[in-house]
Amino acid sequence: MSIPNLNLNLKELAYGYHTKECSDNYSKGRPSYPKECNNFLKGLGLSNESLIVDLAAGTGKFTEIIAQEFNNIIAIEPSNTFRDECESLLKSIQVNNINPTLKYKVLNGLSTSIPLADNSVDCITVCWAWHWFSNIESVREISRVLKPNGVLVIIWHKLKFGGGQDSKNPIEFEKILRLHSDTKYHGGEGNISPTRSLRDKWRDVFDEIKNDSKLHHLLNPDLIELIPPLPNPQITNAEKTIASSLSQSYISILPPNEKQQFINQLKQNLDNFELTSNNKDFTVYYETQIFHTRKPLN
């Protein structure tokens, strides 16, 4: 598959998100976020009229949640097809009177090029995306648009397997939900996906800030984690599970024959486990991890 010429300064893998097929799969299969996230944001001092920017908003999985209770939302996303889907979600919240006072914009932008004024934003949320731009250049831009004492919120989904008290997800789920991490489908080392290697380093930029006093004015490097994480069970099925895996950036850009091999193997894994066979509904138990920090007052 040839990578489209989008003239965007993105990591090569991220180009997998710039297709309608990937956008549809992302919307259909990826997990949503618990509505309790809104209570968390309000606990940070945000009001319904605070300006919240959802950076790297994707198809609007999280934007849709905050737009139900907060009135001033800006979604920023570099993928045209993802922006279209996000726009559709936000419009439906207005027209269906879920939040008739909602004012929103969906803008083209990057973490290093946010199309907003200095010191104008109360909160920036980054959901399952910080690994794409965990660098000082992005932190400088985020700090530029945040108001003094403005808050950065970073959110992740976490999966545990094995059953028992530590996880409600049976061990068989791992061969299904993490098949895309198999090295045969991405050419990396071991069963660690290319994006996983990025996610493992997502905190490094905060260590960089902490170790350089010249950067302390950008963001407080001491992240505060919500303990315990929020429970986030998701009802899914085989079709949605396949869609979710196909929306992984590195799976999305596979050549057609390799992508079909992946689909065939995933279908086989799903059918081999009674709980996930025959496209019946099953529950995947996620935890939603939330971290936040602030731009210093001075």
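This is a predicted model, so every value here is computed, not measured.
In this structure, Trp156 and Trp128 have perpendicular ring planes: the angle between them is above 60°, well past the 30° mark.
Counting heavy atoms of neighbouring residues, nucleotides and ligands inside a 6.0 Å radius, atom NZ of Lys42 exceeds 12 of them. Residue Lys280 places its NZ atom among more than 12 non-hydrogen atoms of other residues, nucleotides or ligands, all under 6.0 Å distant. Under a cut-off of 6.0 angstrom, the local environment of CD1 in Ile235 is sparse, with at most 12 non-hydrogen atoms contributed by other residues, nucleotides or ligands. Heavy-atom contacts from other residues, nucleotides or ligands closer than 6.0 Å to NZ of Lys103 number more than 12.
Between Phe40 and Leu230, every side-chain heavy-atom pair lies at or beyond the 4.5 Å cut-off. Using a 4.5 Å heavy-atom cutoff, the side chains of Val145 and Val53 are not in contact. Taking the side chain as every heavy atom from C-beta outward, Pro31 and Val284 never approach each other to under 4.5 Å. Side-chain contact check for Phe161 versus Leu177: some heavy-atom pair is nearer than 4.5 Å. Using a 4.5 Å heavy-atom threshold, the side chains of Ile76 and Leu116 count as touching. Side-chain contact between Glu274 and Ser277 is present, with at least one heavy-atom pair separated by less than 4.5 Å. No side-chain heavy atom of Arg30 sits under 4.5 Å from any side-chain heavy atom of His157. Side chains of Leu219 and Arg294 form no contact here, defined as non-hydrogen atoms less than 4.5 Å apart.
Under a hydrophobic clustering in which Ile, Leu, Val, Met, Phe, Trp and Tyr are joined whenever their side-chain heavy atoms come within less than 4.5 Å, directly or via other members, Leu89 and Val106 fall into different clusters. Linking ILVMFWY residues whenever their side-chain heavy atoms come closer than 4.5 Å, directly or via other members, leaves Ile224 and Leu226 in distinct clusters. Both Leu44 and Ile66 are assigned to one and the same hydrophobic cluster, defined by single-linkage of ILVMFWY side chains at heavy-atom distances under 4.5 Å. Both Ile136 and Trp202 belong to a common hydrophobic cluster when Ile, Leu, Val, Met, Phe, Trp and Tyr are linked at side-chain heavy-atom distances under 4.5 angstrom. There is a path of hydrophobic side-chain contacts, each under 4.5 Å, that joins Ile290 to Leu223.
Across all non-hydrogen atoms, the minimal contact from Asn135 to Val205 is C-CG2, 3.5 Å. Of all heavy-atom pairs between Glu85 and Ser27, the closest is CG-OG, 3.1 Å. Closest approach of Pro34 and Ile65 over heavy atoms only: O-CG2, 4.0 Å. When all heavy atoms are compared, the tightest approach of Lys259 to Leu254 is CE-O, 3.9 Å. Scanning all heavy atoms of the two residues, the minimum distance from Ser111 to Phe133 falls at OG-CB, 3.0 Å. When all heavy atoms of Asp122 and Lys147 are compared, the pair lying nearest together is OD1-NZ, 3.0 Å.
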Subject >> Working for side-chain contact (heavy atoms from CB on, under 4.5 Å), residues Leu266 and Ser245 >> reply: CA-CA 9 Å; Leu266 182 52; Ser245 291; 3.7 Å; yes
Subject >> CA sep, side-chain torsions, deciding dist, call: Val139, Glu208, side-chain contact (heavy atoms from CB on, under 4.5 Å) >> reply: CA-CA 11 Å; Val139 168; Glu208 187 176 350; over 6 Å; no
**OP:** Report the C-alpha distance between Thr112 and Ser138 in whole Å, list the side-chain angles of each, state the deciding distance to 0.1 Å, and finish with yes or no for side-chain contact (heavy atoms from CB on, under 4.5 Å).
**Re:** CA-CA 5 Å; Thr112 54; Ser138 296; 3.5 Å; yes
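A donor and an acceptor atom, one from each side chain of Asn269 and Gln265, are located under 3.5 Å apart. For the residue pair Asn264 and Gln260, a side-chain donor N or O sits within less than 3.5 Å of a side-chain acceptor on the partner.
A salt bridge is defined here as a Lys NZ or Arg NE, NH1 or NH2 lying under 4.0 Å from an Asp or Glu carboxylate O, and Glu69 with Lys35 fails to meet this definition. Ion pairing of Glu137 with Arg140 is absent here, as no side-chain N (NZ or NE/NH1/NH2) approaches a carboxylate O to less than 4.0 Å.
Formation of a donor-acceptor pair under 3.5 Å by the Asn96 side chain with backbone atoms of Ile98 is not found in this model. Not a single donor-acceptor pair under 3.5 Å links the side chain of Ser252 to the backbone N or O of Gln248. Using a distance-only test at 3.5 Å, with no hydrogens or angles considered, a donor-acceptor pair links the side chain of Arg83 to the main chain of Pro78. A donor-acceptor distance shorter than 3.5 angstrom exists from the side chain of Lys295 to the backbone of Leu146, with no hydrogens or angles considered. Using modelled atom types, one side-chain atom of Thr293 and one backbone atom of Asn220 make a donor-acceptor pair closer than 3.5 Å. One N or O on the side chain of Asn169 and one on the backbone of Lys160 form a donor-acceptor pair closer than 3.5 Å. Using a distance-only test at 3.5 Å, with no hydrogens or angles considered, a donor-acceptor pair links the side chain of Glu77 to the main chain of Gly58. A donor-acceptor pair is defined here as one N or O able to donate and one able to accept, closer than 3.5 Å; no such pair exists between the side chain of His292 and the backbone of Ile154. Side-chain atoms of Asn99 come within 3.5 Å of backbone N or O of Ala67 as a donor-acceptor pair. Panel note: side chain Gln94, backbone Leu90; no donor-acceptor pair is recorded below 3.5 Å.
Leu51 contributes atom CG, which lies 9.0 Å from atom CD1 of Ile124 (distance to the nearest 0.5 angstrom). Distance CD/Glu239 to NZ/Lys267: 9.0 Å, rounded to 0.5 Å. Distance OG1/Thr241 to CZ/Phe282: 3.5 Å, rounded to 0.5 Å. To the nearest 0.5 angstrom, Asn71 atom CG is 5.5 Å from Asn48 atom CG. In this structure, CG on Asn272 lies 5.0 Å from CD on Gln268, to the nearest 0.5 angstrom. With rounding to the nearest 0.5 angstrom, the NZ atom of Lys240 is 13.5 Å from the OG atom of Ser247.
Take Phe82 and apply the ring pair (Phe, Tyr, Trp, His ring centres under 6.0 Å) test, not counting sequence neighbours, and it matches Tyr17, Tyr26.
Residues Phe62 and Tyr33 bring their aromatic ring centres within 6.0 Å.
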